[in-house]
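Let me begin by presenting the structure, written as structure tokens, before commenting on it.
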Amino acid sequence: MSIRLIVLMCLLVLSTQGYANLFIEINRGNDNPAPIAIVPFAKSQGLPENVQKIIAANLERSGFFKPIPPADMLALPTTQEEVVFRDWRLSGAHFLVIGELQKEPTGYAVSYKLFDVLSQKVMHAAVVKGSDEGLRDISHAISDTVYEKITGIRGIFGTKMLYVQDLKRPGASRYRLMYADVDGARARALVKSSQPILSPTWSNDGKRIAYVSFETSRPAIYVMNLATGQATQMTNFKGLNGAPAFSPDGSHLAMVLSKDGSPDIYVMNIATRQLRRITKDRYIDTEPNWSVDGTAVIFTSNRGGSPQIYQVNVNSGRPERLTFEGDYNARPRVTPDGKSMVMVHRQNGVFHIASQDMASGDMRILTETWLDESPSIAPNGAMLLYATQRNNKGVLGAVSMDAGIKFLLPSGQGDVREPAWGPYLN
Amino acid sequence: MKNVYSTIAICAAIGLATGCTSNKTVDEVIEAPQTVEVPEVIEQAPQVVDERPVYIDTTFYFEFDSARLTSGARASLMLHAEQLSDSPRAIRLEGHADERGSREYNMALGERRANAVRNFLILQGVRSSMIETVSYGEEQPQELGSREGAWSKNRRVELK
């Protein structure tokens, strides 16, 4: 287990002009992306990773930027002295990134500068260091900073995701719990099993994950320490053992168990394994997700005749119904600011991802694909990952919370599903 | 052979129905002895089974977001219940759902379906300690595809 987060950010603030208000309107989406030129960095040729390409792809996928291909650039400056702003204005670039890569005794150091082409000023300058295998980490760190300096929103390119891969052929490694960069790169299997794996989820500090595995021929909840790769079986109850969700402080796991008859929400103290029953009825209660402050659990229940989203205060136990639109609303996830939630919503027989404003109750459908499920929100709240189908294959999709940006993540072998977007790791 | 079995099923069904009626209408005690005939019919059944095994459905199908047993499933399960009381064995009921909707809700739905079969078998006299239930949700479809044809085959309980 070697998450390489030895990316050191040394901020050399050369210019601190008031660029904080130079934000791109978030609701513009990809209708009007800002042209940006990321010039190939000096001494970056012949390396195992193409830093320029990774940064450009990250920024393009965010929907806010339109990277200019290097072939269309009039010049390829690598120092500030070589920058001719007129050339970049002619190319239509609003922003410019140049830099130089240095090989160090162990790893790499990249010094780079971000310019505002129109005002001809340096917006940001920094040096990023990484290990020998850290070129992607460096690229993501630069992408995150450039994105944040221009949009005012924290970047998520350096975050990780989990997802489940099903190779769809019997064998000891048919089902895999995968761990990857959010652009899909550097994917590797944390768990392999001949039996189904589902419901992967993160602790808020990104150090542990929880998931459900059928490796004992029955479902059980496991918690894995990512640094050691050690997995601990947390439950072994009769019936359902599913839908784990770490409390915001990481001390408890909400889950669904049916040991007492029907599927109900329980909260387990991870240290003592003590269980507290939160719901108690003869209906299906499942898919718990914590409110941002950890005082309530939002979950799916069919107590009203069809699956709908409810919220229950974990102390008082008082439930409240949150969704009223449509006859199928399930698997809620609350946004990081707690102001809205996303869910699986059925409209005209088709399953989409929808968001609902917590205060007004207004619902909005975000996806146009079908058989959509498992929405998972980015830690900056700007985008979500979900699972869908294309050509009878399970693939991952992404959509911005304003539905303006949509793309599918290419899948490797077999079906991929149940993406879980990881938290910020620092 | 199948005919023999369906007659048994019908007899059993009638027996059950009259049994229920007599329970409800307490005064009509005279009706009760008629149900005694049913066990006589059942006694013949093992001989038939010994000669040549008869296929009884081991997969039971359900409607979308429903755990209600169909009448066909009930008839087959009555035959299973008879077999299981004659020659008890541990059985495993695996509940499944189609791919639509959310995965953990489908896990719960698969369990609902397995429990519906379990409860029916227990009512028919099968010992609960012999029945294990497990739900696989939508994780193990019987048939691949995203049309009702495949979905209807995946909303099921398998008796193993």
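A, B, ... follow the sequence lines: proteins, then strands. Residue 1 opens every chain.
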Looking at A/S173 and A/S193, would you say the former's side chain and the latter's main chain have a donor-acceptor pair under 3.5 Å?
no
So, the side chain of B/R113 versus the backbone of B/R156: is there a donor-acceptor pair under 3.5 Å, distance only?
no
Please check if the number of heavy atoms outside A/K280 that lie under 6.0 Å from its NZ is greater than 12.
no
Among residues 131-141 of chain B, which residues come closer than 4.5 Å to chain A, judged by heavy atom distances?
B/E132, B/T133, B/V134, B/S135, B/Y136, B/E138, B/E139, B/Q140
Option passing ring-ring contact (aromatic ring centres under 6.0 Å, His included) with A/F351 (candidates A/W370, A/Y328, A/Y386)
A/Y328
Would you mind checking which part of B/E111 comes under 4.5 Å of any heavy atom in chain A, side chain (CB onward), backbone (N, CA, C, O), both or neither?
side chain
Taking B/E148 first and then B/R155, would you say they form a salt bridge - that is, a charged N and a carboxylate O separated by under 4.0 Å?
yes
Check A/R331 with B/E104, please: is the shortest side-chain N to carboxylate O separation under 4.0 Å?
no
Is any residue of residues 59-67 of chain B within less than 4.5 Å of chain A by heavy atoms, and which ones?
B/F64, B/D65
What part of A/L198 lies closer than 4.5 angstrom to a heavy atom of chain B: side chain, backbone, both or neither?
side chain
Tell me if the CZ atom of B/R127 is crowded by more than 12 foreign heavy atoms within 6.0 Å.
no
Under 6.0 Å from the NZ atom of A/K192, do we count more than 12 heavy atoms belonging to anything else shown?
no
